[in-house]
Amino acid sequence: VHIASNGARLSTSGRAFEYFPAPVVSLTTPEAGPIRGGTLILVSGAGLFDAGSLLRCRFNQTVVAASFVSHFVPAGRSTVIGDGILCRSPARAHPGIDQVSVSLNGQDFHSETAGFFQAYATPQVISLVPSSGPSEGGTHVQLHGEGLLGGRNGTRFCQFGQVGVLPLYVRTASSAVLITPRLPRG
């Protein structure tokens with residue numbers, strides 16, 4: 001880029017301006033997280049590259065810093081997704097769906113090729129019925145709580161201290177069933 005102050009003679013000192021194709025977002029992984037924010041998200045697609053400190057993600061109108069990763073393997077998967085941009089979801093006041101777009105220059109976002117991220121209410125356990133059972137496990141426990149429909153099937157789990165992580169069978173936003181694990185001997 002060169003400039004002229006007299007309408008005819010261009011400056012001899014100039015700077016390069018680089019064009020790049022608009023990035024295309026094809027996938028956000030994971031697709032959902034709690035409204036408290038902080039979920040690490042991989043945004044993948046075409047035309048993504050390492051733009052250093054200029055990388056940004058935008059969740060609706062909220063902009064967050066991002067970083068570039070190569071050959072990313074998400075937790076729980078064994079296959080490489082490829083190159084992508086990592087960012088953390090911002091906190092929200094209420095559950096909802098955010099349009100996720102990226103910027104490679106810290107300024108221009110391409111929302112026509114955006115992905116989506118669902119922010120759900122943070123799950124809360126209110127009560128367990130029954131609240132005890134035999135060490136052999138197998139007790140069907142009714143869990144009553146709030147925000148149980150967050151995420152999607154296959155991503156809802158419960159943890160029994162250090163004993164294990166098990167599926168949570170959600171019935172409604174406030175009701176679920178879990179089956180207790182066997183307590184390890186020792």
Side-chain angles (χ1 to χ4, degrees), residues 24-45 48 57-62 64 66-67 69 71-102 111 113-186:
V24 176
V25 173
S26 59
L27 180 67
T28 55
T29 306
E31 299 167 343
I35 61 172
R36 71 176 176 267
T39 301
L40 186 62
I41 297 168
L42 173 70
V43 179
S44 54
L48 304 176
C57 290
R58 183 172 68 186
F59 293 76
N60 290 342
Q61 298 304 314
T62 303
V64 297
S67 60
V69 292
H71 309 303
F72 187 78
V73 180
R77 294 193 183 182
S78 58
T79 56
V80 173
I81 286 186
D83 297 342
I85 295 176
L86 284 177
C87 53
R88 292 199 180 273
S89 64
R92 294 177 52 116
H94 304 286
I97 296 176
D98 290 331
Q99 187 178 41
V100 181
S101 54
V102 297
S111 58
T113 61
F116 294 93
F117 181 78
Q118 177 185 1
Y120 54 78
T122 304
Q124 302 288 325
V125 176
I126 295 173
S127 67
L128 300 173
V129 177
S131 61
S132 63
S135 60
E136 291 79 26
T139 301
H140 288 245
V141 177
Q142 302 294 317
L143 182 145
H144 300 280
E146 297 174 354
L148 302 181
L149 289 177
R152 59 186 171 140
N153 290 332
T155 64
R156 299 177 185 131
F157 296 94
C158 58
Q159 182 169 352
F160 278 78
Q162 302 302 316
V163 177
V165 176
L166 301 169
L168 180 65
Y169 304 100
V170 176
R171 293 181 173 167
T172 68
S174 61
S175 173
V177 174
L178 55 96
I179 301 169
T180 61
R182 176 183 206 74
L183 184 65
R185 296 183 191 251

Side chains of Glu31 and Phe117, heavy atoms from C-beta outward: is any pair under 4.5 Å?
no
Note, Arg58 side chain near Val102 side chain (heavy atom, < 4.5 Å):
no
Thr180 side-chain N/O to Thr139 backbone N/O, donor-acceptor pair under 3.5 Å
yes
Considering all heavy atoms, the nearest Val64-Arg88 contact
CG2-O, 3.6 Å
Counterpart residues, side chain to side chain donor-acceptor pair (under 3.5 Å), relative to Arg36 (two or more places apart)
none
4.5 Å side-chain heavy-atom contact, Asp83 and Leu48:
no
Looking at OG of Ser127 and CG of Leu143, how far apart are the two atoms once the value is rounded to the nearest 0.5 Å?
7.0 Å
If you round to the nearest 0.5 Å, how far is CG of Leu148 from OH of Tyr120?
11.0 Å
Distance-minimising heavy-atom pair for Ala93 and Ile35
O-CD1, 3.9 Å
State, with a plain yes or no, whether a side-chain heavy atom of Ser101 is found less than 4.5 Å away from one of Val25.
no
Going by heavy atoms in the side chains, are Val100 and Ile41 under 4.5 Å from each other?
no
Could you tell me the separation between the SG atom of Cys87 and the CG atom of Leu42, rounded to the nearest 0.5 Å?
8.5 Å
What closest approach, in Å, do Ala66 and Cys57 show between heavy atoms, and which atom pair accounts for it?
CB-SG, 4.0 Å
Rounding to 0.5 Å, atoms CG (Leu183) and CZ (Phe160) come to a distance of 11.0 Å
Determine yes or no for a side-chain-to-main-chain donor-acceptor pair under 3.5 angstrom, with Thr28 supplying the side chain and Val43 the backbone.
no
Point-to-point distance, once rounded to the nearest 0.5 Å, from CG of Leu166 to CD1 of Ile179
8.5 Å
With sequence neighbours left out, write down each residue that passes side chain to side chain donor-acceptor pair (under 3.5 Å) with Asn60, or none if nothing qualifies.
Asp98
For Glu146, side chain to side chain donor-acceptor pair (under 3.5 Å) partners two or more places apart:
none
All heavy atoms of Thr39 vs all of Pro30, minimum pair found to be CG2-CG, 3.8 Å
Starting at CD of Gln159, measure out to CG of Leu168 and round the result to the nearest 0.5 Å.
12.5 Å
